[in-house]
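Below is one structure; the comments refer to it alone.
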There are 2 protein chains.
Amino acid sequence: MWKLSPRPASISWFRSWGTEMGTLLDDLRGMKRMDPDGMLTHCLELPDQIRAGWQWGLDWRLPARWRNLDGICLLGMGGSAIGADLANGFAGGKLARPLRVNRDYRLPGGLHRRTGILISSYSGNTEETLSAAEAALRRGLPAAAITSGGKLAALARRRRLPLVLIPSGLPPRGAVGYGTFVLMGLLRRLKWIPAIPVPSAAAGLERTIARSLAPAVPLRRNPAKQLARRLAGRIPILYGGADGWEGVTFRWRTQLEENAKTVCFHHIFPEATHNEISGWVHPAPGIRRTAAVFLTDPSVHPRTLKRMRFAARIIRREGAGCLEVGMKGPDRFDRMLRMIALGDFLSVYLAFLYRENPTPVVRVEALKKYLRSGR
Amino acid sequence: MWKLSPRPASISWFRSWGTEMGTLLDDLRGMKRMDPDGMLTHCLELPDQIRAGWQWGLDWRLPARWRNLDGICLLGMGGSAIGADLANGFAGGKLARPLRVNRDYRLPGGLHRRTGILISSYSGNTEETLSAAEAALRRGLPAAAITSGGKLAALARRRRLPLVLIPSGLPPRGAVGYGTFVLMGLLRRLKWIPAIPVPSAAAGLERTIARSLAPAVPLRRNPAKQLARRLAGRIPILYGGADGWEGVTFRWRTQLEENAKTVCFHHIFPEATHNEISGWVHPAPGIRRTAAVFLTDPSVHPRTLKRMRFAARIIRREGAGCLEVGMKGPDRFDRMLRMIALGDFLSVYLAFLYRENPTPVVRVEALKKYLRSGR
């Protein structure tokens with residue numbers, strides 16, 4: 001089922017971490033203590049969120065104006081925006097109309113009266129999203145909202161916008177299944193994507209999580225734990241393929257940043273072969289502190305995969321860690337779901353290795369306080 | 001004119017490089033020896049390219065079908081794709097219709113018969129671009145081409161596509177002024193962007209280059225050289241604002257990668273405050289090998305600027321180098337041009353400090369050979 005690192009023997013990892021780290025990730029009580037706010041529970045709930053969100057999306061009551069759109073622009077930030085990237089990835093070039101995402105206080109160019117505006121803020125209080133939403137409403141664009149409450153829920157009710165209310169009380173990145181699949185359900189209702197058997201895929205994901213990723217699965221059979229051990233002590237550099245894998249790659253980056261509190265970067269192939277591969281020369285001491293992770297999949301163009309493997313050889317030669325991670329199985333949608341779950345679990349296990357509670361994002365909270373004081 | 005690093009004293013740089021490096025960057029003959037293929041000349045030519053490209057774009061003869069488009073999708077890679085990002089940045093939310101860029105073998109979703117396809121390949125032989133172009137032509141989408149020759153020029157002639165031929169013999173990234181401003185001229189012709197005084201802005205840029213960035217300007221008055229000295233030995237992490245500065249930030253990244261042969265990464269604010277600032281904790285030894293560069297500008301939303309400065313304080317505290325770079329002056333378009341030129345010169349000076357010839361991209365060439373052999 002898993003394909004992990006074609007040539008692990010050629011990679012020099014931080015051996016000193018070895019045994020102790022393995023023990024830690026197989027200590028169920030210890031992990032529970034380090035996760036008092038239950039990030040692992042949100043990871044385990046992903047299949048349930050997918051099923052629920054999909055149904056809400058399909059059932060969404062939309063006004064007539066939404067039936068004849070030229071495109072959709074989602075306004076959102078962080079965990080409330082990534083759903084648009086993931087939905088684009090699932091659609092994989094088969095989307096009937098463009099779905100854009102705008103992560104800013106201001107609206108992007110190119111909007112017109114047949115662009116649907118999807119306002120997405122899990123808390124309902126994201127200041128960038130509310131600012132852009134107000135601008136969109138002033139321009140009279142057709143708008144709808146996805147939130148768990150807050151100011152956005154109040155605004156949607158006041159302006160009678162179509163609204164999907166998702167359960168509150170989660171960290172926004174822990175509600176990604178809801179957000180992404182409300183959007184997927186909507187795209188299906190609009191007939192912008194082909195039919196997909198979401199409930200059975202969610203059931204398959206549930207089995208994969210139970211058998212391979214969950215905390216009870218020991219390190220020797222758990223690729224998320226194995227990957228966490230390999231990334232500990234290094235800066236992860238993630239590489240995905242352009243054929244719909246941008247969203248998954250970016251989700252891995254943000255989950256590693258927020259849960260594991262590690263700096264993490266990414267780029268997309270084949271574009272990276274036109275610039276980034278030239279860069280893996282300097283500075284050598286910095287490069288030795290990195291580990292490149294290639295997210296590959298059979299749905300990625302075969303020439304792109306060749307490019308990725310060429311790049312991997314270069315990067316390994318320069319002294320960086322280097323891994324290839326991919327899923328097996330006949331269905332692209334299934335593989336993509338499993339890849340998202342792998343990244344989620346990996347980020348939590350890496351948090352444990354760094355002795356971090358994965359849930360709190362103290363800096364984001366400190367920033368919000370600072371911004372409020374500075375008004 | 002330049003605003004560089006508000007608190008340089010608080011940053012610990014690699015002092016050992018100090019004197020020797022300064023000497024090197026003020027040694028005109030030495031720099032000429034290290035630049036046998038003339039990358040500095042291409043940097044100096046940017047204003048000329050801008051003027052020429054703009055005029056060719058305005059003069060482009062387009063068929064009737066191009067007068068009623070819903071959007072444009074540019075197909076391109078590397079230096080032939082960045083023009084779309086930069087044009088979006090210049091337009092800064094004022095673009096009448098969406099301008100997308102597709103960096104892949106395959107076409108993206110959401111295209112329809114009123115989406116203009118701009119095929120952009122400097123060499124004319126970029127395999128991803130030609131592959132996507134063929135798919136677009138099979139679907140009968142309205143297409144046009146920008147190239148210096150190669151297979152794309154032949155294809156355009158055979159299919160009678162509107163074509164702008166730009167001068168050949170440059171590295172694609174050294175022709176960015178042509179590519180970007182052909183596109184800008186086209187957008188102006190379509191009335192998708194407001195009128196801009198490009199020739200006078202190009203003249204202003206020429207003066208800035210001569211006074212501040214050119215190799216003859218000594219280190220003590222040359223911010224590009226100063227910046228190169230500060231980045232040497234560290235992994236540059238670039239941060240730009242969402243209000244149109246994504247393209248400039250990405251251009252800096254790719255120029256540093258291709259010219260200076262340094263690994264380099266980037267992210268965009270305010271999005272980065274929803275994920276990346278949480279990551280600047282681990283791994284500490286890796287973080288000490290990085291330098292964060294914040295590209296700021298008065299046109300960036302004031303709340304985004306506050307977020308950037310908050311992030312800068314965190315990053316500095318964790319032991320990374322930390323700099324803020326911005327331009328002064330009344331006009332956003334002028335400042336953006338100067339910022340692009342600053343990145344270009346910086347990347348070449350950093351190449352010299354690393355004792356690299358900025359022009360050859362041996363790995364890209366090796367990859368092309370490998371891909372040809374593997375067909």
Side-chain angles (χ1 to χ4, degrees), chain A residues 70-71 77-78 91 93-99 103-110 127-128 233-235 242-243 254 256-258 260-265 270-271 273-283 285-287 289-290 301 303-304 306-307 310 314 354 361 363-364 367 370-371 374, chain B residues 70-71 77-78 91 93-99 103-110 127-128 233-235 242-243 254 256-258 260-265 270-271 273-283 285-287 289-290 301 303-304 306-307 310 314 354 361 363-364 367 370-371 374:
Chain A
D70 271 354
M77 306 299 302
K94 293 204 181 94
L95 201 63
R97 293 276 174 270
L99 165 64
R103 297 173 160 99
D104 195 12
Y105 288 90
R106 292 165 178 152
L107 292 176
E127 67 171 42
E128 298 97 315
R234 298 213 172 207
I235 300 176
D243 303 81
T254 60
L256 285 165
E257 289 168 344
E258 290 194 82
K261 332 295 180 203
T262 177
V263 285
C264 181
F265 306 103
E271 174 67 12
T273 38
H274 293 263
N275 34 62
E276 192 135 322
I277 56 167
S278 297
W280 283 92
V281 180
H282 300 288
I287 285 175
R289 295 287 180 181
T290 64
H301 195 286
R303 302 290 281 176
T304 303
K306 283 198 90 159
R307 288 170 183 267
F310 182 90
I314 287 174
Y354 281 141
V361 280
R363 286 161 173 192
V364 177
L367 169 68
Y370 165 76
L371 286 171
Chain B
D70 271 353
M77 305 300 302
K94 290 202 184 97
L95 201 62
R97 292 278 174 270
L99 166 64
R103 297 173 160 99
D104 196 11
Y105 288 91
R106 292 165 177 151
L107 292 175
E127 66 170 42
E128 298 97 314
R234 297 212 173 211
I235 300 175
D243 303 80
T254 58
L256 285 164
E257 289 167 344
E258 289 193 83
K261 332 295 180 205
T262 176
V263 285
C264 181
F265 306 103
E271 174 67 12
T273 39
H274 293 262
N275 34 62
E276 191 135 323
I277 55 167
S278 296
W280 282 91
V281 180
H282 301 289
I287 286 175
R289 296 287 181 183
T290 64
H301 194 287
R303 302 290 280 175
T304 303
K306 283 199 89 160
R307 287 171 183 268
F310 182 89
I314 286 174
Y354 281 141
V361 279
R363 285 161 173 194
V364 177
L367 170 67
Y370 165 76
L371 285 172

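These numbers come from a predicted model, not from an experiment. Labels below follow one simple rule: chain letters A, B, ... track the order of the sequence lines, proteins then strands, and each chain is numbered from 1.
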Applying salt bridge (Lys or Arg N to Asp or Glu O under 4.0 Å) to A:R363 and not counting sequence neighbours gives B:E318

Between chain B and each of A:G286, A:S278, A:G71, count heavy-atom pairs under 4.5 Å; write down the option with the most.
-> A:S278

Please examine the side chains of B:V263 and A:T290, heavy atoms only from C-beta on, and report whether any two atoms are closer than 4.5 Å.
-> no

Between B:G110 and A:P98, the two heavy atoms sitting closest are O-CD, 3.4 Å

Most heavy-atom pairs under 4.5 angstrom with chain A, which of B:G109, B:A260, B:C264?
-> B:G109

Side chain, backbone, both or neither: which part of A:E128 has an atom under 4.5 Å from a heavy atom of chain B?
-> side chain

Taking B:T262 for the side chain and A:H282 for the main chain, is one N or O donor matched with an acceptor at less than 3.5 Å?
-> yes

Apply side chain to side chain contact (heavy atoms under 4.5 Å, CB included) to B:A91 and list each qualifying residue two or more places apart in sequence or on a separate chain.
-> B:L95, B:I193

Do the ring planes of A:Y105 and B:H301 sit parallel (below 30°), tilted (30 to 60°) or perpendicular (above 60°)?
-> parallel

Heavy-atom pairs under 4.5 Å with chain B are the metric here; pick the option from A:G93, A:P285, A:A242, A:P270 that has the most.
-> A:P270

Rounded to the nearest 0.5 angstrom, the CG-CZ distance for A:D243 and B:R106 is 4.5 Å

Under 4.5 Å from any heavy atom of chain A - which part of B:P108 | backbone

Nearest-0.5 Å distance that lies between atom OG1 in B:T273 and atom CE in A:M77 = 6.0 Å

For the candidates A:E257, A:E258, A:K94, which exhibits the highest count of non-hydrogen atom pairs separated by less than 4.5 Å from chain B?
-> A:E257

Rounded to the nearest 0.5 Å, the CZ atom of B:F265 sits from the CD1 atom of A:I235 at a distance of 8.0 Å

A:R97 versus chain B, the contacting section by heavy-atom distance below 4.5 Å | both

Pairwise side-chain contact, A:I277 with B:L367, heavy-atom cut-off 4.5 Å (strictly under) | yes

Rounded distance [0.5 Å steps], CZ in B:R289 versus CZ in A:R289 | 7.0 Å

Which one of A:I314, A:L107, A:V361 has the most heavy-atom pairs closer than 4.5 Å to chain B?
-> A:I314

Can you check whether B:G78's main-chain N or O pairs, donor with acceptor, with A:E271's side chain at less than 3.5 Å?
-> yes

